[in-house]
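A short worksheet on the structure shown next.
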Amino acid sequence: MANIGFNKIDMINVLSAAQDIKQTVNQTLRITGVYTYDDVDKETGEAKTVGAIKCSDGMIFGFTSNTLLECAERIADVLMDGECSEVDIKTISRESKAGRTFYQFIVTDIR
């Protein structure tokens with residue numbers, strides 16, 4: 001689990017105000033924070049990992065995709081090393097061989 005650049009207010013806003021990452025397809029975002037945590041789906045009782053990114057403009061985007069979670073953890077490692085404070089990414093969508101749409105982050109710059 002990671003918490004880089006998210007304050008207590010941001011962590012609350014992940015639950016109530018995070019936007020869907022799907023809205024950012026083909027956009028470049030400047031990430032200043034990454035937050036991943038375990039949660040339980042209230043309808044199914046299933047445990048799942050949830051991720052969120054915080055952008056330089058304060059917007060927070062959430063996701064549960066394993067592909068995005070793995071990439072977010074790596075971005076958190078980059079932010080945590082202290083040599084940079086922002087990572088620019090582009091969200092892309094792709095289709096699996098089975099015809100399922102999935103999302104990925106492409107890192108375009110590290111500042």
- request: Kindly compute the distance separating NZ (Lys54) from CZ (Phe6), expressed to the nearest 0.5 Å.
  value: 6.5 Å
- request: With the side chain counted from C-beta on, respond yes when Thr91 and Ile21 share a heavy-atom pair under 4.5 Å apart, and no when they do not.
  value: yes
query: Between Gln23 and Gln19, which heavy-atom pair has the shortest distance, and what is it?
result: OE1-OE1, 3.4 Å
statement: CZ (Arg30) and OG1 (Thr32) are apart, to the nearest 0.5 Å, by 10.0 Å
message: Do Leu29 and Leu69 sit in one hydrophobic cluster, given that two such residues count as connected whenever their side-chain heavy atoms are within less than 4.5 Å of each other, even indirectly?
response: yes
- request: Answer with yes or no whether the hydrophobic clustering places Val34 together with Val14; edges join I, L, V, M, F, W, Y residues whose side-chain heavy atoms lie under 4.5 Å apart.
  value: no
query: When clusters are formed by joining ILVMFWY residues with side-chain heavy atoms under 4.5 Å apart, either directly or through shared neighbours, do Val107 and Ile4 land in the same one?
result: yes
- request: May I have the step-by-step check of salt bridge (Lys or Arg N to Asp or Glu O under 4.0 Å) for Asp109 and Arg111, ending in yes or no?
  value: CA-CA 7 Å; Asp109 198 9; Arg111 306 171 185 270; 3.4 Å; yes
Contacts table for residues 70-81: side-chain donor-acceptor under 3.5 angstrom, sequence neighbours left out:
residue : atom : partner : partner atom : Å
Glu70   : OE2  : Arg74   : NH2          : 3.3
Glu73   : OE2  : Thr36   : OG1          : 2.7
Asp81   : OD1  : Glu83   : N            : 2.8

- request: Start with the C-alpha gap between Lys48 and Asp39, add the side-chain angles, then the distance that decides, and say whether salt bridge (Lys or Arg N to Asp or Glu O under 4.0 Å) holds.
  value: CA-CA 5 Å; Lys48 63 180 177 178; Asp39 196 15; 5.6 Å; no
- prompt: Phe63 and Phe105: ring pair (Phe, Tyr, Trp, His ring centres under 6.0 Å), yes or no, with the steps?
  reply: CA-CA 12 Å; Phe63 45 87; Phe105 293 142; 5.7 Å; yes
message: Assigning hydrophobic clusters by single linkage (Ile, Leu, Val, Met, Phe, Trp, Tyr; side-chain heavy-atom cutoff under 4.5 Å), is Ile12 placed with Val50?
response: no
- request: Report the C-alpha distance between Cys55 and Phe61 in whole Å, list the side-chain angles of each, state the deciding distance to 0.1 Å, and finish with yes or no for side chain to side chain contact (heavy atoms under 4.5 Å, CB included).
  value: CA-CA 8 Å; Cys55 298; Phe61 295 94; 3.8 Å; yes
field: Value rounded to 0.5 Å, distance of OG1 in Thr24 from CD1 in Ile92
entry: 11.0 Å
- line: Note: Cys84 and Ile110 closest approach over all heavy atoms is SG-CG2, 3.4 Å
query: To the nearest 0.5 Å, what is the distance between OG1 (Thr64) and CG (Asp20)?
result: 9.0 Å
task: Nearest 0.5 Å please: distance from the CG atom of Asp88 over to the OG1 atom of Thr108.
output: 4.5 Å
query: Is it the case that Asp38 and Thr49 place a side-chain donor and acceptor less than 3.5 Å from each other?
result: yes
Under 3.5 Å: donor-acceptor pair, side chain of Glu46, backbone of Lys42: no
- prompt: Other hydrophobic cluster members with Met1, side-chain heavy atoms of Ile/Leu/Val/Met/Phe/Trp/Tyr under 4.5 Å, chained?
  reply: none
- prompt: Can you tell me how far the CG atom of Asn26 sits from the OG atom of Ser93, to the nearest 0.5 Å?
  reply: 6.5 Å
- prompt: What are the two closest non-hydrogen atoms of Ile60 and Ala52, and how far apart are they?
  reply: CG2-CB, 4.1 Å
message: For a 4.5 angstrom cut-off between non-hydrogen side-chain atoms, does Met11 reach Asn3?
response: yes
query: If you look at every heavy atom in Asn7 and Asp10, which pair is closest and at what distance?
result: OD1-N, 2.8 Å
task: Group every Ile, Leu, Val, Met, Phe, Trp and Tyr by side-chain heavy-atom contacts under 4.5 Å, then state whether Ile53 and Ile106 land in the same group.
output: no
